Amino acid sequence: MATNLFEDFDPVSSKQWKQKIQFELDGADYNETLVWNSPEDIKVKPFYHRDDFSKTITAATKASQFKICQNIFVFDVEKSVERALDSLKRGAESLRFTIENDSVDIQKLLEKLPLENTAIHFDLKFLSVDFISKINTIVEQKKSTVFYNLDPIGQLAKEGNWFTTKEKNNFETLQLLSKVTRDSSLISIDSALYQNAGANIVQQIAYSLAHANEYLNRIPTIHQAIVFEVAVGTNYFFEIAKLRALRLLFQLIAKEYYHDSDCHILVTPTKRNKTLYDYNINMLRTTTECMSAILGGADTITNLPYDSIYHKNNEFGDRIARNQLLILKNESYFDKVNNPADGSYYIETLTQQLAEKALTLFKEIEANGGFLKQLNDGIIKRKIQESADKEQHFFDSGKEILIGTNKYLNPKDKMKEQIELYPFVKIKPRKTLITPIIEKRLAEKLEQERLASE
């Protein structure tokens with residue numbers, strides 16, 4: 001029988017702790033000195049105590065079951081198959097194929113893969129009933145797990161246009177596909193779009209839920225799991241709470257539609273804080289971001305290579321990114337405990353506060369016409385731009401600190417222009433939300449600097 005080592009000690013109340021802290025502050029104001037206000041207007045206290053905690057929030061996260069995913073851009077089918085098999089051999093547990101058009105030989109791409117025990121995600125840059133029907137025929141024969149990750153609303157937000165389809169509209173196409181792909185996940189929500197554009201955490205959760213609500217409203221035949229593609233940033237504990245709050249609120253909203261499948265959270269580190277000039281530090285940032293993803297309850301994680309913002313996908317960068325997750329899983333034992341954040345007063349308080357604020361914002365969006373109306377009216381874009389500008393101000397003034405970027409700068413860096421958070425993302429006017437500048441522009445800039453230094 002276990003012995004309780006603390007029975008001989010008198011409990012210390014929250015009030016006693018605060019009195020002791022105020023005494024040590026020697027006259028300084030407690031709130032001004034130790035309490036800070038987050039961009040989400042959440043006041044973060046220096047300590048959290050069970051006296052101030054009324055109820056436990058269980059997000060039903062399954063950290064022990066998270067899968068390591070490898071991204072593969074399909075250009076040459078044979079090389080993509082070779083790369084997929086090699087990635088699985090080296091530790092990947094699922095694959096995500098990015099396909100630009102329907103000319104890809106999907107039969108050839110999938111026929112040699114171990115589909116029976118490997119989950120496959122797709123990132124399709126088009127919407128085609130015929131193409132997805134072909135995939136469905138293949139995966140049904142092998143009884144494999146597939147996520148199609150179709151998101152026409154995300155396409156509209158990103159590019160300003162819907163997908164081109166034979167049917168009247170994208171929702172009609174999804175209606176047809178929902179009947180064809182009964183056993184596979186069809187819909188995804190590109191929540192990463194909002195994070196990388198500069199939305200704060202409350203906005204990310206609320207916009208993602210409002211985005212999902214449009215599909216639940218318009219396509220009642222969807223009963224498969226909806227995928228949330230989420231980007232995780234540097235605010236370690238807030239990001240853990242963000243994923244927990246997102247899952248809790250989706251479950252709450254889905255019940256209203258009798259949608260009995262839980263969401264599937266697919267996480268990748270943010271691009272917003274990644275640097276060109278001290279790129280090795282990107283590995284440190286992606287490691288802590290992946291830790292947040294695991295502890296927050298991500299189902300699938302695809303890491304961001306340290307050189308992804310200035311270099312095309314390459315074997316070395318992908319291997320290092322994959323190894324980071326393998327170390328967390330197999331050497332740091334992050335997959336041994338489910339619900340690892342349960343019982344943390346700080347994280348559970350953050351989860352509750354983020355959920356309450358996001359639900360309030362979600363209700364405001366619905367009361368004012370819904371997500372699509374606010375997107376078309378430019379309201380979503382304007383709100384995100386305001387948050388991005390606020391974050392940039394904090395960054396420029398030193399309140400938002402990125403070590404090595406705006407603090408402890410490397411004097412050897414040749415970069416003279418103003419540093420900006422994720423400078424290669426811009427907000428397009430009118431309906432479009434964000435778009436990255438073509439990688440070629442970055443490659444040309446690096447090549448010019450290399451030639452100038454020789």
Side-chain angles (χ1 to χ4, degrees), residues 58-69 71 93-97 115-124 127 132-133 135-136 138-140 142-154 170-171 173-193 204-205 207-232 242-268 293-294 296-302 338-339 362 371:
T58 301
T61 59
K62 297 180 180 178
S64 64
Q65 299 179 22
F66 85 90
K67 301 295 183 185
I68 299 171
C69 184
N71 285 330
E93 298 166 313
S94 65
L95 302 168
R96 179 164 67 168
F97 292 109
L115 299 179
E116 296 84 356
N117 52 15
T118 305
I120 304 295
H121 291 260
F122 288 99
D123 178 15
L124 303 179
L127 192 58
I132 293 172
S133 296
I135 299 175
N136 193 61
I138 297 168
V139 300
E140 278 189 343
K142 297 195 175 185
K143 298 181 179 179
S144 52
T145 302
V146 171
F147 300 87
Y148 292 104
N149 296 336
L150 302 178
D151 186 12
I153 296 176
N170 286 196
F171 293 114
T173 306
L174 291 178
Q175 290 268 20
L176 293 172
L177 287 171
S178 68
K179 298 172 183 177
V180 174
T181 59
R182 293 183 182 276
D183 299 323
S184 300
S185 174
L186 186 66
I187 300 295
S188 76
I189 309 301
D190 190 358
S191 179
L193 188 68
Q204 292 169 47
I205 299 171
Y207 295 160
S208 299
L209 293 171
H211 187 152
N213 194 53
E214 293 289 345
Y215 291 125
L216 292 171
N217 256 318
R218 296 166 188 269
I219 313 171
T221 54
I222 290 179
H223 293 287
Q224 307 94 327
I226 291 178
V227 176
F228 284 87
E229 299 186 40
V230 181
V232 168
K242 176 177 82 174
L243 297 183
R244 289 162 53 85
L246 177 62
R247 190 182 294 276
L248 286 168
L249 289 180
F250 175 77
Q251 292 170 350
L252 180 67
I253 293 169
K255 283 181 181 178
E256 300 299 317
Y257 294 93
Y258 303 101
H259 184 92
D260 52 4
S261 295
D262 194 5
C263 61
H264 184 98
I265 299 181
L266 171 62
V267 174
T268 187
I294 297 168
D299 298 287
T300 302
I301 303 173
T302 174
N338 284 327
N339 302 315
F362 169 79
F371 183 78

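Bear in mind that the values here come from a model prediction, so they are computed numbers and not experimental data. Heavy-atom basis, side chains included; hydrogens, waters and symmetry copies ignored.
- Note: N136 CG to L177 CG = 9.0 Å, rounded to the nearest 0.5 Å.
- Considering only heavy atoms from C-beta on, N213 comes within 4.5 Å of F362 through its side chain.
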Subject >> Derivation and outcome, side chain to side chain contact (heavy atoms under 4.5 Å, CB included), residues L246 and L209 >> reply: CA-CA 8 Å; L246 177 62; L209 293 171; 4.1 Å; yes

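- Panel note: side chain H259, backbone Q224; a donor-acceptor pair is recorded below 3.5 Å.
- When side chains are defined from C-beta on, V227 does not count as touching D151, because their heavy atoms never get closer than 4.5 Å.
- In this structure the side chain of L174 reaches within 4.5 angstrom of the side chain of L150, judged on heavy atoms.
- Taking CZ of F66 as the start and CD1 of I301 as the end, the distance is 5.0 Å to the nearest 0.5 Å.
- I189 places a side-chain heavy atom less than 4.5 Å from the side chain of Y215.
- Residue K143 holds its NZ atom at 11.0 Å from CG of D183, rounded to the nearest 0.5 Å.
- Taken from CZ in R244 to CG in L249, the straight-line distance is 12.0 Å, to the nearest 0.5 Å.
- When all heavy atoms are compared, the tightest approach of E93 to T118 is O-CG2, 3.8 Å.
- Nearest heavy-atom pair across S208 and F228 is O-CE2, 3.7 Å.
- A donor-acceptor pair under 3.5 Å is absent between the side-chain atoms of T300 and the main chain of K67, judged by distance alone.
- A side-chain donor-acceptor contact under 3.5 Å links E214 to the backbone of F371.
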Subject >> side-chain hydrogen bond (donor to acceptor under 3.5 Å, both in side chains) assessment of T302 paired with N71 >> reply: CA-CA 7 Å; T302 174; N71 285 330; 3.0 Å; yes

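- Within the 4.5 Å cutoff, the side chain of L124 has heavy atoms near those of the I132 side chain.
- The nearest pair of heavy atoms linking G296 to L243 is O-CB, 3.5 Å.
- A donor-acceptor contact shorter than 3.5 Å links the side chain of R247 to the backbone of C263.
- Heavy atoms only, all atoms of each residue included: F147 and S185 are closest at CD2-CB, 3.4 Å.
- With sequence neighbours excluded, no residue satisfies side chain to side chain donor-acceptor pair (under 3.5 Å) with D190.
- Between the E229 side chain and the L266 main chain, no donor and acceptor come within less than 3.5 Å of each other.
- Between Q175 and P220, the closest side-chain pair of non-hydrogen atoms falls below 4.5 Å.
- In plain terms, the two heavy atoms of V146 and F122 that are nearest each other are CG1-CE1, 3.8 Å.
- Under the 4.5 Å side-chain criterion, counting only non-hydrogen atoms from C-beta, I120 is not in contact with S144.
- Among all heavy-atom pairs drawn from A225 and D262, the shortest one is CB-O, 3.3 Å.
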Subject >> Y148 vs I135, side chain to side chain contact (heavy atoms under 4.5 Å, CB included): CA-CA, chis, key distance, verdict >> reply: CA-CA 9 Å; Y148 292 104; I135 299 175; 3.6 Å; yes

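- The side chain to side chain donor-acceptor pair (under 3.5 Å) search around S178 returns T221, not counting sequence neighbours.
- For the atom pair CD1 (I205) and OG (S191), the distance works out to 8.5 Å, reported to the nearest 0.5 Å.
- Taking NE2 from H223 and CG from L186, the interatomic distance works out to 12.5 Å, rounded to the nearest 0.5 Å.
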Original post:
Does the pair I153 and F171 meet the rule for a side chain to side chain contact (heavy atoms under 4.5 Å, CB included), with working shown?
Top reply: CA-CA 10 Å; I153 296 176; F171 293 114; 4.0 Å; yes

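- No side-chain donor-acceptor contact under 3.5 Å links S94 and H121.
- Proximity of H211 to I226: side-chain heavy atoms (C-beta onward) are nowhere separated by under 4.5 Å.
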